[in-house]
Amino acid sequence: MGAWPGLIRAYHDYLDVPDEHVVTLHEGNTPLIPVPGVAERVGRAVKVYVKFDGMNPTGSFKDRGMTMAISKAKQDGSKAVICASTGNTSAAAAAYATRAGMKCYVLIPDGKIALGKLSQAMMHGATVLQVHGNFDDALKLVIKISREHPVTLVNSINPHRIQGQKTVAFEVIEQLGGKAPDYHFLPVGNAGNITAHWMGYTEWHKLGRVESRPKMMGFQAAGAAPIVLGHPVEHPETIATAIRIGNPASWKQAEAARDESGGTIDMVTDEEIIAAYQHLAGREGVFCEPASAASVAGLFKYADKLGLSGGETIVCTLTGHGLKDPDRAIAVSPQPTKVQATEEAVLAAMELTE
Ligand code: F0G
């Protein structure tokens with residue numbers, strides 16, 4: 001097996017970047033992991049897998065879009081990029097921009113950003129601006145600034161981002177041996193990723209590379225569910241800070257993916273998200289960030305509503321790694337026990353003494 005060349009080179013037939021402009025950290029090729037404990041809870045002998053996109057180089061699916069956006073910016077001669085972010089986009093933008101020798105400006109909501117993500121943007125040398133406002137406020141600002149100044153916008157309204165992100169569907173099809181799943185669950189925030197998944201499935205379906213397409217099952221957090229409610233949410237709130245978004249940029253495209261696939265966009269509560277997050281880490285050994293667990297929380301919520309006849313294949317995308325948000329992990333877990341450095345004390349704490 002040769003070394004994985006990164007997704008632009010692996011899927012060069014479907015992504016248009018001249019080789020000399022490719023900026024890559026060899027993203028993509030993430031594992032598709034069976035989760036038997038989830039399947040057991042769903043019942044009816046279904047097969048359930050998680051597509052663990054938290055295994056990308058900066059720890060989230062954003063690398064798929066960012067390798068494209070930064071490569072294209074480089075091809076166009078851009079010297080600087082800008083984005084608004086709940087954290088992961090800024091981490092990816094900062095990493096790929098520095099690799100390409102570009103300046104990177106990131107606008108993040110003040111306070112509500114997971115520490116791992118903030119540390120990445122800082123370490124990769126981005127100019128980090130914490131705005132007194134939420135993601136939606138920051139997005140409006142970067143759109144305006146990128147129109148009026150020589151900085152390239154690398155949020156998912158940049159079409160190259162969606163092109164890169166569509167490769168997740170190609171990988172799932174290949175990992176399932178040339179088949180699409182029956183259902184694909186994923187979290188929805190700014191709605192670029194559900195748009196990209198559907199684009200990927202549709203592209204290979206049109207080309208005859210796969211016979212069917214999955215029903216797309218998108219889940220917002222209950223306190224940040226504009227698509228479900230049918231109107232923007234002015235003050236979105238959820239512990240899943242990655243998807244704390246009240247007015248998604250790809251709203252229409254997400255609805256199209258839902259309707260064309262015969263799927264659903266619904267919401268899950270923070271409690272349901274935490275329960276799925278703990279199940280994945282505690283039972284399956286897969287540590288994702290809270291927002292990612294919205295996909296599996298959605299599957300638990302819908303298990304009885306899908307009308308499964310048995311044997312279906314279900315994939316849930318886990319968009320980001322659990323290490324992104326160590327504060328939340330520690331807050332929902334039993335705290336370590338402090339013990340004296342003696343065998344007696346350790347054994348007592350292990351409950352191994354008579
Ligand atoms: N999961 C994670 C871990 C995310 O970081 C995001 C989005 C999503 C899901 C939702 O994906 O926006 O394409 O619907 N994070 C963006 C960011 C907004 O700035 O990092 P989406």
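Start at 1 with the first residue, then count along the sequence. On a predicted model such as this, the values are computed, not experimentally measured, just so you know. Order of appearance sets the numbers: ligands from 1, and atoms from 1 within every ligand.
Looking only at side-chain heavy atoms (C-beta outward), R9 and V17 stay at 4.5 Å or farther from each other. At least one side-chain heavy atom of K74 sits under 4.5 Å from a side-chain heavy atom of M102.
Each of the atoms 13 (O), 14 (O), 21 (P) of ligand 1 lies under 4.0 Å from some heavy atom of G192. Of all the atoms in ligand 1, the ones that sit under 4.0 Å from a non-hydrogen atom of K62 are 5 (O), 6 (C), 7 (C), 15 (N), 16 (C), 17 (C), 18 (C), 20 (O). Listed by atom number, the atoms of ligand 1 under 4.0 Å from N193 heavy atoms are 13 (O), 21 (P). If you number the atoms of ligand 1 from 1 as listed, the ones under 4.0 Å from a heavy atom of T89 come out as 16 (C), 17 (C), 19 (O), 20 (O). Atoms of ligand 1 lying under 4.0 Å from any heavy atom of I243, numbered from 1 in the order shown and given with element: 8 (C), 9 (C), 10 (C). For ligand 1, the atoms lying closer than 4.0 Å to a non-hydrogen atom of N190 are 12 (O), 14 (O), 21 (P). Listed by atom number, the atoms of ligand 1 under 4.0 Å from S85 heavy atoms are 17 (C), 19 (O), 20 (O). Atom numbering of ligand 1 starts at 1 in the shown order; those under 4.0 Å from a heavy atom of E289 are 3 (C).
Where the criterion is an N or O separation shorter than 3.5 Å, residue side chain and backbone included, V188 fails it with respect to ligand 1. Of the N or O atoms in G189, one or more lie within a sub-3.5 Å distance of an N or O in ligand 1.
A heavy-atom separation below 4.0 Å is found between P187 and ligand 1. Judged by the shortest distance from any of its heavy atoms, L186 lies outside the 4.0 Å radius around the atoms of ligand 1. By the 4.0 Å heavy-atom criterion, A191 is counted among the residues contacting ligand 1.
Taking each heavy atom of I194 and A254 in turn, the nearest pair found is CG2-CB, 3.6 Å.
For atom 4 (C) of ligand 1, the nearest protein heavy atom (residue, atom name, distance) is A242 CB, 3.5 Å. Protein heavy atom in closest approach to atom 11 (O) of ligand 1: F61 CZ, 3.5 Å.
A salt bridge does not link K166 to E171: none of the charged nitrogens lies less than 4.0 Å from a carboxylate oxygen. Classification of K117 and E289 as a salt-bridged pair holds, one side-chain N sitting under 4.0 Å from a carboxylate O.
Nearest-heavy-atom check against atom 1 (N) of ligand 1 across L139, N88, D325, T319 picks out T319.
Residues N134 and K112 have side chains that never bring a donor and an acceptor to within less than 3.5 angstrom of each other. Using modelled atom types and a 3.5 Å distance limit, the side chains of H184 and T317 yield a donor-acceptor pair. Residues Y96 and H124 have side chains that never bring a donor and an acceptor to within less than 3.5 angstrom of each other.
Ring centroid separation for the pair F219 and Y302 comes in under the 6.0 Å cut-off.
Of all the heavy atoms of I194, none lies under 4.0 Å from any atom of ligand 1, so neither backbone nor side chain is involved.
Other residues, nucleotides and ligands contribute over 12 non-hydrogen atoms within 6.0 Å of the NZ atom of K305.
Figure legend: cation-pi geometry between R328 and Y277 absent, as NZ or CZ is not positioned both under 6.0 Å from the six-membered ring centre and within 45° of its axis.
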